[in-house]
Structures are given as C-alpha cells and as structure tokens.
Amino acid sequence: MAIERYNPRDAEPRWQKIWQEQRLFETANDDPRPKYYVLEMFPYPSGRIHMGHVRNYAMGDVVARYKRARGHNVLHPMGWDAFGMPAENAAMQNKVHPKEWTYANIDTMRTQLKSMGLSLDWSREFATCDVEYYHHQQQLFLDFLDNGLVYRKQSKVNWDPVDQTVLANEQVIDGRGWRSGAPVEQRELTQWFFRITDFSEDLLESLEDLDQWPEKVRLMQKNWIGRSDGLHISWEIVSETAPAGEAALEVYTTRPDTIFGASFMAIAADHPLALNAAASNPELAEFCRECRRAGTSLAALETADKVGFDTGIRVRHPFDENWKLPVYVANFVLMDYGTGAIFGCPSGDQRDLDFANKYGLPVVAVVMPKGEDPTSFQITEDAYVGDGVMINSRFLDGSTPQQAFDTVAEKLADKTVAGKQQAFRQVNYRLRDWGISRQRYWGCPIPVVHCDACGVVPLRREELPVSLPDDIDFDKPGNPLDRHPTWRDVACPKCGSPAKRETDTMDTFVDSSWYFARFTAPDASEPTDPAAADAWLPVDQYIGGIEHAILHLLYSRFFSRAMKIGGHLDVKEPFKGLFTQGMVVHETYRGKGGWVAPAEVKLEEQDGVRRAVHLDSGEELTIGAIEKMSKSTRNVVDPDDIIASFGADTARFFMLSDSPPDRDVIWTEAGVEGAYRFLQRTWRLIGDAADTLQYVAPVASSAGDAASVSRAAHRTLKAVGEDIERLAFNKAIARIYELVNEISGPLRSVADSEANTELCAALRDAVEILIAVMAPMTPHFAEECNALLGGKSLVAKSDWPEYDPALVIDSTVTLPVQINGKKRAELTIARDADQQTVEYAVLGLPAVQSALSGKAPRKIIVVPQRIVNVVI
RNA sequence: GCGGGUGUGGCGGAACUGGUAGACGCGCCAGACUCAAAAUCUGGUGUCCUUUGGACGUGUCGGUUCGAGUCCGACCACCCGCACCA
C-alpha cells in the first residue's frame, strides 16, 4: 500500500494542539520526580526569531524532552529580555511607544517559537518589562542597598555619545560602545554601582568547581577577574619639591624581586601627586591634559608611544639611603589599577625598557637565565621576563625570583616610612564594580528619591513598584524621564518636602541576572519563593551563545551570591552546566547592486564549479565568504519560511546534524533538503512497517537477520542516549541514520516474502526504538509515526526505552591483524577468546604464514577485542 | 604582546583511555524505474601505481612506541578572547 508523503504542515500544528491541550509541558513544583532544569538564554524581542534562536532552542528542547522521557520533572521555561535600547530607537524612528513595540514583538515571536514545537512551560512566561517582574527587581535593589552591596559614587564613566548613555567597562569594546560602535568619551557622573568586587575572590575560586562549564569560558572569566599577587611598597619622598603632606609614594608591584633594577617611578596623569605638582608647573599640567585626552581617544593606544614627564620629585630606594629615583608622569600608567603608580624596572619589563631607553635611564639586569655568565649578561633591546637567578641585587644575588620576592616582602615589612609599615602583601583584581545607571527610559527604574534635605532616600518596600510612566515623548534626545515632571517630582518619603525621583534606570544586564530564579516561582509575591528556588536551582543545563561568556554569566553569578545574602535563594552558582553553542552562518552573495539574499539566489554547479545567479535578473553573482547571518550582508534565512516549506522538525533536525553544537553550523539549502528527504524516507519505512508488522507477536529468541536488527536497534538506543547526555547531537543523528540504513533492507525483505515472525518481531522493536530516539529532535514526526504504527499514547509522554545489555555486545569480534604495524588480514573470533587461542588462530592465517615464510615471529601483541600485531 | 582553540577526502564532520583513519551526511559518478523529467531505489566514491595486489595519506619537521589523527619537542597557518593591569 503506497503511503502519502509526510506532511508537516498538517501534522505539526495538530500535535502542538494536542500537547497543549494535555498541558504536557507544564511543570509542577511539588512533583516528586527528580528535578531537571534546562534553560536556554531568553531572547531579546527584537521582532522576529532568527536561525540562531532555532538552533539554541532546538538543542535545549532535545535535552528537555530526553530528560522528561528519562523520568525527570523537567523545568523548561521561556521569557523575554525585554528592556533595552532598540525599543527606544524604534520609538524615535517610527513614533511607536517602546511598550507597544516590545509587546507586539513578543506576540510575534511567541507564535514563531510555538510553531517550532518546543516543549516549553508557557504558563511561567514573563517579560522583564512586566511591572510584576521589575517590581521585584526594585526590591532586590533595596535589599542589596540594605546589605551594603549598592553604592553611589561620582566616577569617570564611559559615555556613549550616540546612545547618550553610560556604558559599563564590559560594554566598551576597543574603545567603542558595544551597541552603537561610537568612540566612547569619558565623563564625570554620579552613578549607582553594585559591589561585585566584594566577591572577586569567591567568583574566581568557584570557577574551579564549575566542571560542567567550557574551559574556555572559565578561563575568560578568570582573566577578566584578573587576580594578581604582589606587594604594596611605600617609597619615601625626599626631594624638596615634594608636595606638602605627602611623605611617601605608594606603589603596587608583582615583581618586588626586581627592586634593585628600579631606575624610575611612574605615576598616572590623574595621580594626586601629579595633580599637585601640575598646579605649579604649567608644562606638566599641559602634559597631563594631553595624557588624559589621548587616554580617552580610544584604540590609538596601541600605537601610542610611551611618553613621560619628569615631575622633579625624587624618592628614596627602600634598601639604599643614598639612592634616589626620579618620579615621572607617564601616559601608560592607569589610575584605577593598583595605586596608580609603579616603579620601573627596565630590564624586567619591555614597556619600562622602552621608556628607559627613550629617557636615558639606567638599565640594570637583575634576573638572568640560568647558565648565562653574570659578568657579561646585559639587557639592551629586549627585557627578560623569565625565571632564572638574581644578579646585581646585593643580598638577593643567587636566589630565585620567587625567593627574592619573599625576602623583599619580609625585610620591608619590618621597615617603616612615615610611621607606617613600608610594605605589605596585597592582592589586586582587574575586576571593577558594576556601574548600573543608564540614562534611558526603557529600563527598570531605580527606586530612590533625591531630596535636598535628606539626600538620597530609598523608597520603602510598600511604595514599590515604581512604574514607568506611559505618557512620554521621544522628540528630544536624552532621557524622557528627566522631562516628565508629574512622574519625576514627588514628595520625599522621609521628610515630605519636594524631591525628585532618580531618573536613571538599571542596566538591562540586571534584568537577565536573576530571571532564571524567577522562573522557579513566577507568581511569588517576593522576588523568589526561596523553597522553590532552592528546589530547582542551580540550572542543570544552560545553553546560549559564547558572547555572554563574561558579562551575563559573571553578573548572574554575582546576583545569586547577593540574593543569597538577602535570603532569596541558597545557591552560590546559578548554572551547574553551561553549553555555548556556535553561530549559524551562511554563504554571502553579491551583485552589482550590493548584497543579495539567499532566497533570491539560484545555485548551479557545472564541472565542479559553483555559480550563483540572481533569480529575477539572471545576473551572475559573486559567491562571498561564509559569515554570521546578518542584515548587513543579507545572508539571512527566515525560520518562518523554512518551517512553512519543510516543517519545524526538518529545521530542528538539520540544525542538530552535521556540525558539532559548539561550532558554527553552515546553513545550506542542500542540507535542509537532505534532512527533509531523510524524514520522508523514514516515513515510508514506518509506513512499510505499519503494513507488514502489525499483527506480530513478540518472540523470545532470534537469530540471523533478526538478531542483527535487534543488535543494531539496541546499540543505537544506547548510543543516542549517551550522545544526548553529552550534547553530541550530531553524533546522535549519525546513529539514527545508521539504524534506518540497517533496518530498511530487512524490512523490505519481510514485505516481499513470507513473513518471518522472528524478524518481524525484531523489526517491530527496532522501529519503535527508532521513533523513540528521534522524538527529542523531531517530536511531531515521532508522534505521527507512532500513530501510523497504531500507537495509542503520546510519544511525548512515553518513557525512554531501556536497551538490552545482552544485545549491545556481539559474541564474536573481528580483529584487524597487523604484521609489523600494517594491517594484513582480519580474524573473526569469539569475543572472550584467550590470548593463546587468538595467537594460534592468527598464526594459521595465510597472510601471516606467507609473511613468516617458516620463521617464528619475534613477538605477537594481542590487545583483547581490539587488535593483533605480529612483529617479525 | 599575553592567553586559549583549531588544522582529517570536493564539503560538514566521525574515530571513547594510543589499536582497522575517513562513521554518518552533503556533493559527485554509474545503473534501475520512466516516453521524459522529478521523486525513489541500487552500487561506487581519499590519492597514486598497470593489475591480483601494493605504496602513500590526518598542517610541516623530528621523536617515543610493536603500533601515533591521538603522546612529546620545534615550527607554520587560521580563528577567538584580553589588551599599557605594574
């Protein structure tokens, strides 16, 4: 009986409706089964989903469906990272209210995601721009404030002149705003900060325990936190030009061992000492201004020369009364790291060496590689930063740099400068506190009021939420909240006199730093229901893009620590397993008129040469590089189009096949068609099975074809499960292809001839296994196949079948037989054959006998169940 | 500059702790079916040699080993992250 083609357009909505009606994917918090929380990074509602979303959510859905089939109570929620700039840009360009724009986008994208057939618990959905959500975020802010984790300070900020807002250090990339791409300027503003640096050490140390995170991400965070162990040393100021009140120059160094190689001191242009000296020295003042300007004018840093200006100030060397060193203002010293001052040791630091050579300062080698001659070893052009032996360093000579470090630390700890200990060990971090103030409308309002009399007054909990006003206008640049008197002007909660609301809103990274916790109890009257949060967290498997390796993941790790202090949850690490998926990339096409979208391109191949032709005009196009799908190169494929023509399952299946999930996947028309063909082929196979295998009773033992079919099926079942556990979806799919290949022959033979009940039973079992292992990837298709076979219950509700351990091991093995390391023959032998039996059998092989030509082998290596090597 | 990663057929990629390199897919070639095409099915497909058979082959060079894509050393290319962090 011929079967109709599988029609996803008909099948997919039908099964989606059934799943929804049965509320299969809604998760209860009081379910006794073991929990599993799988989460994909929630999307920004930009307008429509793109292929990156399809890949991300397809992966998460495979895990969710698999874990559910394995008997877990799976939490798999979805929401919207809905505050942010694009909504305001849309408002300014198209006169749409950010709220309307955002919620309309959410509606569109929700429909799109639903068409993918994802097993999501939509009952827990929320958007971060819902008042119900940011209300609780405001409460968290107040909690943090109570716990000393929030403070306000005037600071130099990164100002994005295009977006008219402040950026966190993390949001400045190569001196440009991460979103606008505009060169960032420095401004002095009073900002709110989260004390993420309170947790520097914890955030660093705990990385060790995140063994289900990619090594790469852990390393990136480690470098970002940037711990360094050094010594804080006071250098006594001795010159008569010393500014009043300053007795010592405080310096931080990780290389106190090189202290006898010091030849100058360098301080930042903003260093108090520099400012002080500049007050009476116009030339120096001009130099400092120059430094600051260059510092702000972005990546010219790379080429910027090391320049300095002698302040005339002199300091005394800690170990030599008579040794005085000049203090320079230098453009390469940063005020916000360490103490803003360094001592320069030219022989041990390339930057210091360049500086010393430029200004004619002494260069004394103090660390020498082992084996060099100390009388002739010199540093001229290249600094030596490696390990070795101390030289020219008085009492340190002969020791290692590490020993010298300790010796200097101990000796200086006993000395004093101006009544204070001269040196102490100090740990420094590169990590800065997180500035969260943004001069934007479309964000979570910061719940404080500024009162002339009382200062900064936090709102009381019962005064929350501070809702965003709806009646705003975007006619002028800047923050509309600043121009909204009825919202802005309030009475001081403390004294009642006229006051103003804080008009800055929070960085949107705050919104995404705790949403995973809110999902565990989205209707709780507090930010979390601690019992629910502790039951569900940490997220077992988090999946998203590598672009969030630092910002979002570090902030979230901070948040769970801070929320723990506030009693909102009791986990330190929010994400137990992290997976960073690769991008979806596509070929680019270019014609005379610019980039051409794939949908308008026809590809041809002649004599191995590929050509791209414009569908309408027939113009020959240049095939360009394979790049991330983006609007600018127009190499985007719309998921809606793919789902409409091939169905969601095909899109999901193709996304998961071929490329390892952590690498980029190249989207090709041919690849999608291949996936679609495979589904159709499998559909025909299931159709044949439905015709021939319907009334077969199970048979206990089997042999021949039946046995090999059973073994193939159970091996696949075992392997696919293991591959999914390791998120190796591409390998799981290869196994599925193999199984289909292996059962299609025997199935046809059954259909063509007399029924062989053993084989039929084996095939029936194999086909059911096939459906089960495909279900996580192609869930609608699996339901349809199951129904075709007469299955009464839903695959989405079914348990993962258990494989039969006896069937995954063969009783015989085929061993390659090598002679001197080269394969010359094969030997099929009982799996448990002992060494002697194998050797005997190998020596009997014709290939081995002719190679030996009567002689005895020197050695025979038998690796059980693996290989035999005969050494002659 | 520092840190990390990757390198395997025409292409995407398999190969667990060293043990038959190229699973699976795409593409391509041939055949079957068809008036024809599409669809489908079957077979083939690393390179080279005249073959039965053999030689070579996992970026390059060298090493360890009975045996190396896998381990060690040196180098090359590309990609990513950080970047004046003292």
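Residue numbers start from 1 in every chain, and the chains themselves are labelled A, B, ... in the order their sequence lines are given, proteins ahead of strands.
Distance from the side chain of P816(A) is smallest for rU20(B) among the nucleotides rG67(B), rC85(B), rU20(B). Side chain of E738(A), nearest nucleotide from rA23(B), rA86(B), rC41(B): rA23(B). Nearest to the side chain of S659(A), among rG13(B), rC85(B), rG19(B), sits rG13(B). For N730(A), the listed nucleotide lying nearest its side chain is rA14(B); candidates were rC24(B), rA14(B), rC84(B). The side chain of P660(A) has rG13(B) as its nearest neighbour among rC41(B), rA83(B), rG13(B). Closest approach to the L334(A) side chain among rC85(B), rU20(B), rC24(B) is made by rC85(B) (side chain taken as heavy atoms from C-beta onward). Distances from the side chain of I550(A) to the nucleotides rG25(B), rC82(B), rG13(B) place rC82(B) closest. For N331(A), whose side chain is taken as the heavy atoms from C-beta onward, the closest listed nucleotide among rA86(B), rC84(B), rC80(B) is rC84(B). The side chain of R430(A) lies closest to rC85(B), out of rC41(B), rC85(B), rG19(B). Of the listed nucleotides (rA83(B), rG27(B), rA86(B)), rA86(B) has the atom at the smallest distance from the side chain of T254(A).
Residue-level contact check: R858(A) touches neither bases nor backbone, having no heavy atom under 4.0 Å from any strand. Heavy atoms of V871(A) sit under 4.0 angstrom from primed sugar atoms or phosphate atoms, though from no base atom. Across all strands, V870(A) comes closer than 4.0 Å to no nucleic acid atom at all (heavy-atom distances). Residue contacts shown for N741(A) are limited to sugar-phosphate atoms, with no base heavy atom under 4.0 Å away. Within 4.0 Å of R824(A), counting heavy atoms only, lie sugar-phosphate atoms of the nucleic acid but no base atom. Nucleic acid contact for T814(A): base, since at least one base atom lies under 4.0 Å from a heavy atom of the residue. Note on I861(A): a base of the nucleic acid sits closer than 4.0 angstrom, heavy atoms only. No engagement by Q350(A) is indicated, since no non-hydrogen atom pair under 4.0 Å with the nucleic acid exists. Across all strands shown, T253(A) has heavy atoms under 4.0 Å from sugar-phosphate atoms exclusively, and none from any base.
Atom-to-atom, CG of L679(A) to P of rU40(B) comes out at 12 Å; the value is rounded to the nearest Å. In this structure, R748(A) atom CZ and rC33(B) atom C1' are separated by 14 Å, rounded to whole Å. Y6(A) has its OH atom 20 Å from the C1' atom of rU40(B), to the nearest Å. Atom CD in Q818(A) sits about 16 Å away from atom P in rG18(B), given to the nearest Å. Protein atom CG of L685(A) is 13 Å distant from nucleotide atom C1' of rC41(B), rounded to whole Å. Taking atom CH2 of W235(A) as the reference point, atom C1' of rA86(B) lies 12 Å away to the nearest angstrom. For the pair K823(A) NZ and rG19(B) P, the computed distance is 16 Å after rounding to whole Å. A straight line from NZ of K731(A) to C1' of rG13(B) spans 11 Å, rounded to a whole angstrom.
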Pair M774(A), L770(A) - check side-chain contact (heavy atoms from CB on, under 4.5 Å), show working.
CA-CA 6 Å; M774(A) 286 184 75; L770(A) 174 64; 3.9 Å; yes
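Counted by atom type alone, T633(A) and E627(A) present zero donor-acceptor pairs between their side chains at under 3.5 Å. Residues R55(A) and Q581(A) bring no donor and acceptor atom of their side chains to less than 3.5 Å of each other. Of the N and O atoms on the side chains of T650(A) and Y6(A), not one donor lies less than 3.5 Å from an acceptor on the other residue.
The aromatic ring centroids of Y676(A) and F654(A) lie 6.0 Å or more from each other.
If you take atom C1' in rC29(B) and the same atom in rA68(B), they sit 34 Å apart, rounded to whole Å. Taking atom P in both rG25(B) and rA15(B), one finds a spacing of 16 Å when rounded to whole Å. If you take atom C1' in rU47(B) and the same atom in rG22(B), they sit 13 Å apart, rounded to whole Å. Taking atom P on both rG18(B) and rG13(B), the two are 25 Å apart, rounded to the nearest angstrom. To the nearest whole angstrom, the two C1' atoms, one in rU34(B) and one in rA21(B), are 41 Å apart. A distance of about 43 Å separates the P atoms of rU40(B) and rG5(B), rounded to the whole Å. For the C1' atoms, the distance linking rA83(B) with rG1(B) amounts to 8 Å, nearest Å. On the C1' atoms, rC78(B) is 27 Å away from rC84(B), given to the nearest whole Å.
The side chain of K822(A) places an N or O atom within less than 4.0 Å of a non-bridging phosphate oxygen (OP1 or OP2) of rC56(B). An OP1 or OP2 oxygen of rG13(B) is reached within less than 4.0 angstrom by a side-chain nitrogen or oxygen of R663(A). The side chain of R684(A) places an N or O atom within less than 4.0 Å of a non-bridging phosphate oxygen (OP1 or OP2) of rC41(B). Between Y252(A) and rA86(B) there is no side-chain polar atom (N or O) within less than 4.0 angstrom of OP1 or OP2.
The residue among R735(A) and L219(A) whose nearest nucleotide of RNA chain B is located toward the 5' end is L219(A). Of the two residues contacting RNA chain B, namely Q680(A) and E826(A), the nearest-nucleotide position lying further toward the 5' end is that of E826(A).
None of V720(A), D658(A), V62(A) except one satisfies the side-chain contact (heavy atoms from CB on, under 4.5 Å) rule with F729(A); the exception is V62(A).
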Secondary structure string for RNA chain B (Watson-Crick or G-U under 3.5 angstrom, | for other-strand pairs):
(((((((..(((......[....)))((((((.......))))))((((...))))..(((((..]....))))))))))))....
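A syn orientation is assigned to rG9(B), its glycosidic angle lying within 90° of 0.
Contact check on K718(A) versus E722(A) returns a salt bridge, with a Lys/Arg side-chain nitrogen under 4.0 Å from an Asp/Glu carboxylate oxygen. Under a 4.0 Å N-O distance rule, the pair R726(A)/D723(A) qualifies as a salt bridge. Between D229(A) and R425(A) no salt bridge is recorded (no basic side-chain N to carboxylate O distance below 4.0 Å).
Remark: the K306(A) side chain and the rC84(B) base include a donor-acceptor N/O pair separated by less than 3.5 Å.
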When the side chains of residues 257-268 of chain A are checked against the rest of the protein, which donor-acceptor pairs come out under 3.5 Å, sequence neighbours left out?
residue, atom, partner, partner atom, Å
D257(A), OD1, R255(A), NE, 3.2
D257(A), OD2, R255(A), NE, 3.2
D257(A), OD2, R255(A), NH2, 3.0
T258(A), OG1, R255(A), O, 2.8
S263(A), OG, P362(A), O, 3.1

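By the 6.0 Å and 45° rule, R430(A) stacks over the aromatic ring of W224(A).
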